Structures are given as C-alpha cells and as structure tokens.
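Chain A is the first sequence line, chain B the second, and so forth, proteins listed ahead of strands; every chain is numbered from 1. Nothing here was measured: the structure is a model prediction, and the numbers come from that model.
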Amino acid sequence: MRNCMSDTKVMNIAKKRGFLWSSFEIYSGSAGFFDYGPLGATLKNNIISKWRKYYVVGEGFYEIESPTIMPEEALKASGHVDHFTDPMTECKDCLEVFRADHVIEDVIDDDVEGLENQKLTEIISENQIGCPKCGGHLTHVWSYNLMFQTMIGAKGKATGYMRPETAQGIFIPFKRLLRFFRGKLPFGVVQIGKAYRNEISPRQGIIRLREFTQAEAEIFVDPVDKDHPKFATVANDELNLLSSDAQLNKEDPKMVTAKNAVETGLVSSEVLAYQLCIAGRFLADLGIPIEVIRFRQHLPTEMAHYAIDCWDVEVLTDRFGWIEIIGIADRTDFDLKSHAKYSNEDLSVFIEYDEPKKINKLVVKPDMKKFGPLFKADAPKVIKALEDLDASKVQKAFDNDETYNIELEDKTVEISSDVVSFNEQEEMIRGEKVVPHVIEPSFGIDRIIYSVLLHSYTEDDEREFLKLEKQIAPIGVNVFPLVNKDKLAERAHEIREELRNQGIIAEYDGSGTIGRRYARSDEIGVPFAVTVDHETLENNTVTIRNRDNLEQVRIPIQEVYNVLLDLLTGKMEFESLQQ
RNA sequence: GCGGUUGUAGUCUAGUCUGGUUAGGACUUGGGCCUUCCAAGCCUACGACCCGGGUUCAAAUCCCGGCAGCCGCACCA
C-alpha cells in the first residue's frame, strides 16, 4: 500500500473547492467519468491555452477540429475496429476472465497474437487448455473492443464509434491539410478534444477515464530527413531518460542532453528529441518539478509494431507510482499508408530534389503507320499501354526472337519487333512521391491536470495550499477588506471591479476574518491577494500579498492593476516590488 | 469482469450487531456581532441515512438486487 497522503488531500480540495468531482453523483455516479467544476474547468482552459502557446504559436502547428463520432470504415482503416480489442475467454467453473492469447501462450509456447477468435477457440479445445486458475473449461473466445459503438442515422444501418483518439481526425483529411500547407513538408497539425475508451474497470480516479481530453500533434516529416531546423535551440536541454536498455538492465534513468541523446542514438532522430524537449519545457512551465519527470522509452515488446521509437513522459505520483501523461512516438508512415489503402486515395507528398536528376531511359515508340491497320480501334489503348511499359523488357523479348504480349482490359495483343522502334531518351526527374512519417506527441490533459494539482500541493506548519503556477491559476487575484467596516468593503469591491475590467479573474471575499480569507484563497492557489486597510483610506495605497511566501508590499491603488497584470503574466517578479 | 469490504449533511463521524421519540456531535458554509493582517470568539441558519424492491404495525438498522468507493485478481491496442 502506497502512502497517498497528497493524492487524498488534493482530491479532497479538488472536490470541496470545485475543481473535480465524479459525474452523475445524484444518480449514484458512473465509473470513469468526471466533471470539471468551476475552478477545474478554468484551470483546464488555462493549461490548454498554455499548450496552444507552445504548439500552435511556438511551433507553428495549426489546430483543427474533427467529429468525435466516426464511421466504421475510418476506424477499420486505422486498425481500431479489429485491433483495439482484447480476445477474452471466461472459465465456466470459476467465472474468471482471461486474455485468451495469454492463456494459450502460457501453455503452447507459440505466438498467437493477431489470430482470429475462432482460431483461438480451436487452439484452446485442440490443446485442451483449461482455466489457469482452477483447471475448468474455458468458453469460446470473444473480442472485447474498447470503443463505444453507436449508430449513425435513424435506421441504424451505419455503425459508428466514438473516437478512441483524436489523431485519426488529422490523418483522414491529410490531402486537404497538405494543400493548406501548400504541399511542403514538414508541417504539423494539432487537435484538442475528447476521446472515448470503454475501459473494463476504471478505478483510478481521473487517471483512467472513459471520456477524456487529448491534445495531440501530428507532425508530418520527410522520412529521409528527420533533422530539425531548430534543434540547436534545445540541444542543451537536459532530459531524464530511461532507455529500454536501461529498463532491461534494471538501471536508473540518466540526465542526458538532447544533443547527446541523438548523437549516441538513444533517441532515434532530432525531430523526436526536439519534441521530447518541448514537452519537457511545457511541463516545467506548468510548475511540475523536474525531479518528478522522466522520459521512458518503450520496450521493443510494448511498442506498436509500426513505430520506430516511442517515449512516454511519466510523472511520479504517490498513489499510482510513475504514470504516463504524454506519449511521443515516431509512427512512421503506418497511418497514412493504411488510410491510403482503404480509401484508394493517394496520401503521398511529392518531394522535389534539390537538383533534378537526369536519367537515360530507353523508350519504345510505335510505328504509327503499322499500328493503325494492325490494331484498328484498339490502337490508342495499345499505344497508351506501350508508354507505361518498361521498354527494356520489350527489347529483351525481341532479342530472344520472341514477340511481346500486351495485356489490355479485355484482350491480349502481340507486338513484334517490326512495328516499334527503340530510342535512348534523356529524362529529367524532379522528385519523387513519398508517404510522410509522423511524429506524434500525444498529451493526456486530464492526467496533466492531476499532476499539476498533485505537485502544486504544498503543506507547512501553518498551511495546506496549492502552489499553482500563476499563469494557470484559475483565479488571479482575491481582494479583501481588512475588516468589514469604515467603507473598506466598498473600496475592495471597486478594486475587484477594476481588476476585472483589466481582464484579470478576480474575486472579493468579506466573510470571516482576514486570516480565514487568506487561507481560503491559498487553498485554491490564488497567487495574489490585495488587502484594503485603513491606510488605504488615508493615502490610497493597498497591499499585495504573495501567496508563496506570505510577504506583502504596499503600492498606490492606481498602480495596482498594471502591477498585477505584469505579475500574473510573468513580466515582473514579486521580489522586484520589494526593493 | 470475479471475490472481499464499505456506503449517515460539503467533510469527519455517533447510532446499525439487539428494528421503535424530533438521526446526535465536530469542522466547513451562509447571515449577524466582534475583529487594524494570516482558519480566534459569540449568536444564528442551512444541510444527511447511496438507489430500488422485500420482510414488518414500524427499516439508517434485517433480506435481495443495482450503483459507487476501497482492497486483491484480471484487464489497460
């Protein structure tokens, strides 16, 4: 049993003060669903806008929004309909449920991954495999698909699913996106939104939800050019890397610079390493301390078969241990190729060479005078077919004194050497079509929010409070009258109004004593408090109190608005006010 | 999904075994008094037996089912 004091305390505050609570409470609730309350929704918005600042503004990726319900074909192509499932079997005697493939592999020592359920059922009966627990009989194998199924249209003829990830919504309109980016790699597209997975038994609070928010970026790159033009700007960032080798050898993670990681081949490319760094900077900016972050490389066995390299960004928690909050993968051309195949669309990019390549090519030319009479109405088709042919093959046939057969749609025609001529031709090749590789940083926003709350929780002798980073704190400033008389409350209300006019989320609190108000304010992580006291009435000054160290400075009211704006946006540090 | 266990105001809890008055307390919250800087004090108010069914004259209490939480197992492309 872990010590989960922080988890318990943070979740209590979250529930009590309106960050998070489980959904549908008055109807007994439903596992795997959470509401974001007033402060939680604001915090979430602030974190998402910070994310946009990094990825949309900073990296120049554009954001799109696609439907959360997807037709079956699309998810068939992505592999989710067939493979986002587990083959399950149940013991008829003790009612335990097992992964069918695991049960089989334990007994027959053979890889059965990817086999049909029927085949798995057969293997079980042929090998007389029994329940691993009690030896009883196992039922036929069925697939448990983690997607929520629904119907599209009134008659329910078309099956739809709630999307299990936002990524597919970016791959599917790839041609449109490529055109938007005027045909050039690399480019990045992001999507922020809900995704759905019908987890068998979600029991870890906000860590495993059935409906959750993802922020994903899909970065399309040239497969042969995975350098990053801005790599120099992150090259010296230190990353706490736990490689797959280190895991296998039971070693600890190591602090490594991004530059070093790429040079030693620890991380497979600059683009991937660059994304690890950006993710690291983002988390640091949310106030998650570097000591509780590590980058864990997927083991070869856990990585999807199409991925080249994949790193999870993990955060240490007292209740769950290390949890994955971000996955950053090089998914290669898997997704685009798969959609290309299922949709019969060309999802490739024409990449122009720096210099066009000259090649000498043998071409075969028809002798038109002979072709017309010989093939009559088929002549144009034969000529077209001839153009698409590899001329050297035709020549080879003739060298062997044979004729060459051309397959038309409905017949085969014979070409002999006297109806064509050969020609060496110089051709310019300007480039080639390639299917881009995809670098995918995928963020679990709900888990990030949990991490932010957990690691902003601070307690000392006197206080328990959230040390939320000031740019993401839901409420920017609280305004208090020192006591409730002599018009102090009135002045405090005026200041609160003016702060709101400045675009700062500000609240007023006049109940209880000043100490209680500070305590309430700290508990929800309000970075600054403005207090109106009797000196305010004499000289129009107020105090600003810094949540983190309880210190106060006195400044004129007319300056308070700009000062707070500068403090909240990080343009000014509180310490500089104290001089 | 299986087994165990728990479910009383926003929170913690008494009462449940042994059915019986108006479900008691503390903290929190709202209002008021007081209060010249970090949850003080006083007055006052709001607020609960997880949901559904059964047994009974009578159910927070006993029984059954559901839902949710916790623990263990399983699961987590």
Side-chain angles (χ1 to χ4, degrees), chain A residues 1-2 4 8-9 11-13 15-18 21-33 37 75 78-91 93-103 113-114 131-134 139 142-147 164-165 197-205 207-210 298 302-307 319 323-324 327 460-465 480-486 488 509-523 529-538 542-543 545-547 549-552 554:
Chain A
M1 181 67 201
R2 288 174 189 280
C4 28
T8 308
K9 288 186 171 171
M11 290 315 279
N12 279 344
I13 292 173
K15 194 194 270 190
K16 183 167 76 170
R17 301 302 306 273
W21 52 73
S22 42
S23 301
F24 316 118
E25 275 181 328
I26 66 166
Y27 299 110
S28 301
S30 180
F33 297 97
L75 290 160
S78 69
H80 286 91
V81 171
D82 296 321
H83 302 299
F84 196 53
T85 62
D86 294 319
M88 307 295 282
T89 183
E90 187 182 19
C91 173
D93 300 322
C94 70
L95 300 178
E96 282 278 352
V97 175
F98 304 95
R99 276 279 295 264
D101 50 345
H102 290 181
V103 172
E113 204 188 309
C131 170
K133 213 165 195 182
C134 74
T139 63
W142 78 92
S143 288
Y144 180 77
N145 192 300
L146 274 81
M147 290 192 293
E165 60 176 16
R197 297 178 188 184
N198 199 0
E199 301 285 354
I200 295 173
S201 169
R203 270 199 297 188
Q204 295 160 59
I207 295 307
R208 262 176 92 215
L209 295 173
R210 289 188 163 126
H298 276 204
E302 82 184 293
M303 193 155 57
H305 64 276
Y306 48 82
R319 181 168 165 207
I323 58 165
E324 176 198 351
D460 57 31
D461 296 340
E462 291 121 37
R463 299 190 295 165
E464 295 180 353
F465 66 108
F480 307 130
L482 184 61
V483 290
N484 276 308
K485 58 182 183 190
D486 301 332
L488 294 183
D509 186 358
S511 90
T513 60
I514 188 70
R516 178 177 289 275
R517 293 183 287 230
Y518 286 142
R520 273 198 290 250
S521 176
D522 292 342
E523 189 179 50
V530 168
T531 308
V532 174
D533 57 18
H534 285 83
E535 214 178 317
T536 307
L537 302 179
E538 289 160 24
V542 289
T543 59
R545 168 185 177 274
N546 182 15
R547 173 199 68 201
N549 59 13
L550 306 177
E551 295 195 9
Q552 288 179 292
R554 180 171 289 278

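- Partner of Asp522(A) under the side chain to side chain donor-acceptor pair (under 3.5 Å) criterion, out of Arg547(A), Arg545(A), Arg517(A): Arg545(A) alone.
- Comparing A39(B), C38(B), C37(B) by their nearest atom to the side chain of Thr513(A) picks out A39(B).
- At a cut-off of 3.5 Å, with distance as the only test, a side-chain donor of Ser511(A) or Arg520(A) sits close to an acceptor on the other residue.
- In terms of position on RNA chain B, the residue among Ser201(A) and Lys16(A) whose nearest nucleotide sits closer to the 5' end is Ser201(A).
- Rounded to the nearest 0.5 Å, atoms CD (Gln552(A)) and OG1 (Thr543(A)) are 4.0 Å apart.
- Put simply, the side chain of Tyr144(A) and the base of C75(B) share no donor and acceptor less than 3.5 Å apart.
- With respect to His80(A), the side-chain contact (heavy atoms from CB on, under 4.5 Å) criterion is satisfied by exactly one of Thr85(A), Leu146(A), Leu75(A): Leu75(A).
- Between Arg547(A) and C38(B), a side-chain N or O to OP1/OP2 separation shorter than 4.0 Å is absent.
- Taking the P atom of each, C33(B) and C50(B) are spaced 39 Å apart, rounded to whole Å.
- The separation of C63(B) from A48(B), taken at their P atoms, amounts to 26 Å, rounded to a whole angstrom.
- Interatomic distance, CD of Glu324(A) versus NE2 of His298(A), reported as 5.5 Å (0.5 Å rounding).
- For the atom pair Thr8(A) OG1 and Ile13(A) CD1, the distance stands at 11.0 Å (nearest 0.5 Å).
- Nucleotides U55(B) and C2(B) have their C1' atoms positioned 30 Å apart, rounded to a whole Å.
- Remark: Arg516(A) is in phosphate contact with A40(B), judged by side-chain N or O atoms under 4.0 Å from OP1 or OP2.
- For G30(B) and U18(B), the C1' atoms lie 41 Å apart once the distance is rounded to whole Å.
- Listed pair Lys15(A) / G10(B) fails the phosphate criterion, with no side-chain N or O lying under 4.0 Å from OP1 or OP2.
- Backbone-only contact: Ser511(A) has heavy atoms under 4.0 Å from sugar-phosphate atoms and none from a base.
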Do any N or O atoms of the protein come closer than 3.5 Å to N or O atoms of nucleotides 65-69 of chain B, and which pairs are they?
{"from": "C67(B)", "atom 1": "O2'", "to": "Ser28(A)", "atom 2": "O", "distance (Å)": "3.1"}
{"from": "C67(B)", "atom 1": "O2'", "to": "Gly29(A)", "atom 2": "O", "distance (Å)": "3.2"}
{"from": "A68(B)", "atom 1": "OP1", "to": "Ala31(A)", "atom 2": "N", "distance (Å)": "3.1"}
{"from": "A68(B)", "atom 1": "O4'", "to": "Ser28(A)", "atom 2": "O", "distance (Å)": "3.1"}

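- Between the side chain of Asp533(A) and the backbone N or O of Thr536(A), at least one donor-acceptor pair lies under 3.5 Å.
- For Val483(A), the listed nucleotide lying nearest its side chain is U35(B); candidates were A39(B), A74(B), U35(B).
- Using a 4.0 Å heavy-atom criterion, one finds that Asn484(A) contacts the bases of the nucleic acid, with or without backbone contacts as well.
- Taking for each of Tyr306(A) and Glu25(A) the nucleotide of RNA chain B with the nearest heavy atom, the 5'-most of the two is the partner of Glu25(A).
- Checking U36(B), A77(B), C37(B) against the side-chain heavy atoms of Lys485(A) singles out U36(B) as nearest.
- At the heavy-atom level, Arg520(A) lies under 4.0 Å from the strands shown only through sugar-phosphate atoms.
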